[in-house]
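Numbered from 1 within each chain, the chains take letters A, B, ... in sequence-line order.
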Amino acid sequence: MTGAAGVAGAGPSSPIAARVEVVRPAAADSRGKVRAVTAVTVGEDEAVFPGHYPGFPIFPGVCVIECVHLSGLRTPPPGSAGLELVAVESTRFLRPVFPGNRLEVELVWTGGSGAWRCAAKVATERGAAAQVRLRFTAEEA
Amino acid sequence: MIGQVEIRKVLPHRFPMLLLDRVTEVVPGQRVTAVKAVTCNEPWYQGLGPDAAAEAYAYPRVLLLESWCQSAGLLATWESPDPDVLAGQVMLFGSVSGVEYHRPVLPGDVLEHRASITRVVDDTVIIEGGSTVAGEPALTVGLAVLAFRPAGELRPGDPAPAFA
């Protein structure tokens, strides 16, 4: 993995190069909730670090949102295709993320008929890092 | 004109994460208007190959938000700038909500950000606003909470503070 900012396959341009590992693809649990789990390791050579901030690298909050965005694109809810981010409904940042941290992202999908919400909890080895709620539009497959 | 010299005295962000080019108006404690020109030479486009589709050149949506938040941060710190993150106060997002994207932003587009302070509570500032391209809405931000914390509280390995 190089420090160049990434483009995941045919996906949108992104400020982060880190690869999203799918730990568990989106699937309904026993209570019918559609859940997925991913992991993202934040490399020390991410392109954003030299400027955020010089001598004191902190993973930007918007890049934590980006990890959830990319995780959503990698684990679309069953029956959906062509997901596109249209809103960041809410986000709370609970702990800073530093180079080398491994993020675990737990996603819960709700919606359908071309509009999906993704509620995600992001944690590092040190505990909860962020809560992020995104909204996507989708083509129904 | 408020250009890079003045912006860099206020914001700690640097290449490639300084996403503001110019400030066109600032009314301290109230509102700011700032500009960012998007170019195809930003590193986010470096990985695009010869077969990349036109949509792949849409500016990363989270960076539209980052650029707007930098205008908000500049407004919040205009009167007491402290761009040394190693010693002073670090400005962080506490939370953001009600962010809506209205259209793709492409290389060559010039973003105009508007941000206004709605409340100040202790060491947090609540700001709202949005961004346009050629007068058309590109982004709205319902509410952003900017928090200021001493750099010393943030060192890796230390127990991290809660930013709520």
Side-chain angles (χ1 to χ4, degrees), chain A residues 2-17 46-58 60-70 84-101 124 126-135 137, chain B residues 11-19 42-49 51-53 55-67 69 83-86 90 92-102 104 140-143 145 147 149 151 153-157 159-164:
Chain A
T2 72
V7 178
S13 297
S14 175
I16 65 169
E46 284 286 350
V48 295
F49 285 134
H52 195 284
Y53 298 99
F56 189 17
I58 302 179
V62 296
C63 290
V64 176
I65 299 174
E66 179 70 355
C67 288
V68 175
H69 174 210
L70 297 177
E84 190 178 346
L85 178 67
V86 292
V88 179
E89 293 192 334
S90 66
T91 168
R92 272 181 79 196
F93 298 103
L94 306 170
R95 276 192 180 84
V97 175
F98 298 110
N101 284 170
T124 70
R126 304 189 312 281
Q131 296 171 359
V132 180
R133 297 175 72 92
L134 305 179
R135 194 169 73 242
T137 55
Chain B
L11 293 181
H13 309 69
R14 292 295 181 267
F15 178 88
M17 279 300 278
L18 179 52
L19 304 181
E42 295 187 51
W44 339 121
Y45 297 126
Q46 193 176 354
L48 290 176
D51 299 328
E55 305 84 66
Y57 289 91
Y59 201 66
R61 286 172 197 203
V62 297
L63 294 185
L64 298 177
L65 176 60
E66 173 70 22
S67 181
C69 280
D84 180 1
V85 290
L86 293 175
V90 183
L92 299 154
F93 289 109
S95 67
V96 185
S97 57
V99 178
E100 305 261 351
Y101 296 99
H102 304 292
T140 49
V141 180
L143 184 152
V145 180
R149 293 292 181 270
E153 288 184 16
L154 290 178
R155 300 204 185 283
F163 295 142

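In this structure, CD on A:Gln131 lies 10.5 Å from OG on B:Ser95, to the nearest 0.5 angstrom. Note that CD of B:Glu66 and CD1 of A:Ile65 are 9.0 Å apart. Values are rounded to the nearest 0.5 Å. Between the OH atom of B:Tyr59 and the OG atom of A:Ser13 there is a distance of 10.5 Å, given to the nearest 0.5 Å.
Heavy atoms only, all atoms of each residue included: A:Gly51 and B:Met17 are closest at O-CB, 3.9 Å. Closest heavy-atom contact between B:Pro60 and A:Pro15: CB-CD, 3.8 Å. Nearest heavy atom pair, residue A:Tyr53 against residue B:Pro12, reads CE2-CG, 3.4 Å.
Chain A forms the most heavy-atom pairs under 4.5 Å with one residue out of B:Ala53, B:Gly98, B:Gly49, B:Gly142, and that residue is B:Gly98.
Looking at A:Glu66, both its backbone and its side chain come within 4.5 Å of chain B, counting heavy atoms on both sides. Heavy-atom distances place the side chain of A:Arg135, and not its backbone, under 4.5 Å from chain B. In this structure, chain A has heavy atoms under 4.5 Å from both the backbone and the side chain of B:Glu100. Residue B:Leu18: no heavy atom, backbone or side chain, is found under 4.5 Å from chain A. Of the atoms belonging to A:Ile58, it is side-chain heavy atoms, and not backbone ones, that fall under 4.5 Å from chain B. Of the atoms belonging to B:Ala58, it is backbone heavy atoms, and not side-chain ones, that fall under 4.5 Å from chain A.
The closest side-chain heavy-atom distance from B:Val145 to A:Phe93 is not below 4.5 Å.
B:Arg14 places no side-chain N or O within donor-acceptor distance of the main-chain N or O of A:Pro54, the cut-off being under 3.5 Å.
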